[in-house]
Amino acid sequence: MTQHEALNILKSGHNVFLTGSAGSGKTFLLNEFITYLKSENILAGVTASTGIAATHINGRTIHSWCGMGIEESMNHQVRNSITKGDLKQRLKKSQVLIIDEISMLSANRLDLVDSICRVVRKSEHPFGGLQVVLSGDFFQLPPVARNGEDSRFAFESEVWSGMNLKICYLEEQHRHEDKKFLALLNSLRSRENLDVAKKSLASRLNKEIKSTIKPTKLYTHNFDVDTYNNLELSRLKSEGKSFEMRTQGLQTLVDKLKNGCLAPETLELKLGAVVMFVKNNFKEFYVNGTVGKVIGFDDDSGYPLIETFKGDIIEAKRETWPIEDSSGVLASISQIPLRLAWAITIHKSQGLSLDCAEIDLSRTFEYGMGYVALSRVRSLSGLKLLGLNDLALEVNEKMIVLDEELRSRSIKDLTEFLAGTSYKLKLV
């Protein structure tokens, strides 16, 4: 399905599962749909399963939006939370609920969101009659289950089968122009031609990347990332320049924005520092994941000047990350949209597009982690592989069966939609 076809189905008011391989433009399409909803004065809950993913669509976590917090069931704490006036009004007035990166939301929590919406909206329809748009790729990272929490995927929830979801499987590629590399990634998903894929990867084992920019390292663990970034910054002899995050609005929402934003509260930069943009700004010719190095600071504004991997020079000005609803901006943070990028964790890289990366998969501990890491890079020539373990190239067998089903359903749903479904919104 193309983005245009999927957008028309979204506009029709159907419940939708928007999926496709990494780089197929799911988040871009969500932002197009959100812009459309705003133009039509349709109130939407714009959410994601993680704070980082929420910043990509100027939303909040689903946990915050519906008041479930860290809970997994409709207990006393949740029931007390959903009696609060602001939350009740938000759920009652909303017409659409969007949840991005659905692969990282557990089945129990999706069922809990459904229960909360039914109770507050006093409706037995799934999610209280909201149009629900779920977006994500189940080949990517699964729910993080701590202390015995539910580790089942969202498609294993009770509510999933009752939603009458239309499947929009995006086929176009907007990240990977390297056909050989795209074939490699598709082999990991389908488990076909794996020998060819492994040979291609072997060709990049400890292979240097031709670039004036030091590639971002992707590690599986936070400790490795922090250690490496701090070490590299300390090696630079130039004087440091700091930029502080500015905040406004409700403190609880500000805290959530901080937790979800890849830009740090205090950004310390030096000449020669390797950095990564952490927000999309197409007008300024950078996207979330564009890598570069600091080559100076503007004489007037003091903002850092970044030379990108492609050789462009960009003045990195302050950007704002807001949380909005129908009444306007509830909270916002502003910061230079950069972070040190000698290294980053694979979990935090989900959703990014990197020009070049050195990836260490020798300590991979989860299905999908290798696929997520490798699919961050735009081309095979932009990859240096530092190591692999046995789990790195494995995917959950359930996802292969599910993927075939989703592709078939997407074709069927599009055919039926084009055969006569009205484009008029059918929002409850």
Side-chain angles (χ1 to χ4, degrees), residues 15 34 37-38 41-51 53-55 57-102 104-134 143-150 152 154 157-160 162-163 247-260 321-333 427-428:
N15 290 338
I34 292 164
L37 293 174
K38 288 180 179 178
N41 295 314
I42 297 168
L43 182 59
V46 179
T47 77
S49 60
T50 69
T55 66
I57 52 176
N58 290 337
R60 62 172 74 184
T61 63
I62 183 60
H63 310 70
S64 166
W65 183 84
C66 73
M68 69 178 174
I70 62 172
E71 305 302 319
E72 281 195 294
S73 61
M74 185 67 84
N75 57 24
H76 174 74
Q77 189 167 341
V78 174
R79 290 186 183 278
N80 182 59
S81 174
I82 63 178
T83 61
K84 295 178 181 177
D86 289 349
L87 190 148
K88 283 180 69 175
Q89 288 304 306
R90 178 165 69 241
L91 268 64
K92 283 182 176 180
K93 291 181 178 179
S94 294
Q95 295 166 275
V96 181
L97 172 59
I98 296 167
I99 309 177
D100 196 13
E101 296 293 4
I102 192 65
M104 298 181 77
L105 190 70
S106 70
N108 274 356
R109 288 202 166 98
L110 185 62
D111 281 331
L112 179 54
V113 178
D114 170 52
S115 297
I116 290 170
C117 290
R118 292 186 194 218
V119 168
V120 173
R121 294 170 64 86
K122 298 180 180 179
S123 168
E124 284 306 308
H125 293 290
F127 295 90
L130 288 166
Q131 179 193 2
V132 180
V133 177
L134 309 176
V144 177
R146 299 184 179 91
N147 302 320
E149 290 179 338
D150 185 25
R152 293 175 303 144
S157 64
E158 290 183 15
V159 72
W160 187 274
M163 294 171 63
T247 68
Q248 66 174 28
L250 298 170
Q251 189 59 46
T252 55
L253 296 183
V254 166
D255 290 342
K256 292 180 186 303
L257 282 169
K258 286 181 180 179
N259 290 336
W321 289 259
I323 291 178
E324 304 171 307
D325 68 6
S326 58
S327 63
V329 177
L330 301 176
S332 68
I333 59 176
L427 300 174
V428 175

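The chain is numbered in sequence order, starting from 1.
- Looking at I333 and V254, their side chains come closer than 4.5 Å, going by heavy atoms from C-beta outward.
- Judged by distance alone, the side chain of S157 and the main-chain N or O of A154 form a donor-acceptor pair under 3.5 Å.
- Here the straight-line distance linking atom NZ of K256 with atom OG of S64 works out to 4.5 Å at 0.5 Å rounding.
- With salt bridges taken as basic N to acidic carboxylate O contacts below 4.0 Å, none links E71 and R109.
- Side chains of L43 and V96 form no contact here, defined as non-hydrogen atoms less than 4.5 Å apart.
- K88 and T83 make their closest contact through CD-O, 3.4 Å (heavy atoms, listed as atom of the first residue, atom of the second, distance).
- With respect to the salt-bridge test (charged N to carboxylate O, under 4.0 angstrom), the residues D114 and R118 qualify.
- Between the CG atom of L130 and the CD atom of Q95 there is a distance of 9.0 Å, given to the nearest 0.5 Å.
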Would you check, one step at a time, whether the test side-chain contact (heavy atoms from CB on, under 4.5 Å) holds for T247 with K258? CA-CA 9 Å; T247 68; K258 286 181 180 179; 3.8 Å; yes
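- R121 places a side-chain N or O within 3.5 Å of a backbone atom of K92 that can act as its donor or acceptor partner.
- Side-chain contact check for I99 versus V133: every heavy-atom pair is 4.5 Å or farther apart.
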Show the numbers, then the answer: is there a side-chain contact (heavy atoms from CB on, under 4.5 Å) between W160 and L134? CA-CA 10 Å; W160 187 274; L134 309 176; 3.4 Å; yes
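- Of all non-hydrogen atoms in G129 and S123, the two that sit nearest each other are N-OG, 4.2 Å.
- The closest side-chain heavy-atom distance from N15 to F127 is not below 4.5 Å.
- Contact of the I82 side chain with the V119 side chain is registered, since non-hydrogen atoms from C-beta on lie closer than 4.5 Å.
- Ionic pairing of R152 and D150 is present here: one or more N-O contacts between side-chain nitrogen and carboxylate oxygen are shorter than 4.0 angstrom.
- Residues S332 and Q248 form a side-chain contact, since some pair of their non-hydrogen atoms from C-beta on lies under 4.5 Å apart.
- Residues Q131 and I42 are not in side-chain contact: their nearest non-hydrogen atoms beyond the backbone lie 4.5 Å or more apart.
- Listed here is the closest heavy atom pair of H63 and S49: CE1-O, 3.3 Å.
- Contact record, P322 with V329: CB-CG1, 4.2 Å, taken as the closest heavy-atom pair.
- Counting only distance, with no hydrogens or angles, the side chain of D111 and the backbone of V159 share a donor-acceptor pair below 3.5 Å.
- Considering only heavy atoms from C-beta on, L112 stays 4.5 Å or farther from E72 through its side chain.
- For T47 (side chain) and I98 (main-chain N/O), a donor-acceptor pair under 3.5 Å exists by modelled atom type.
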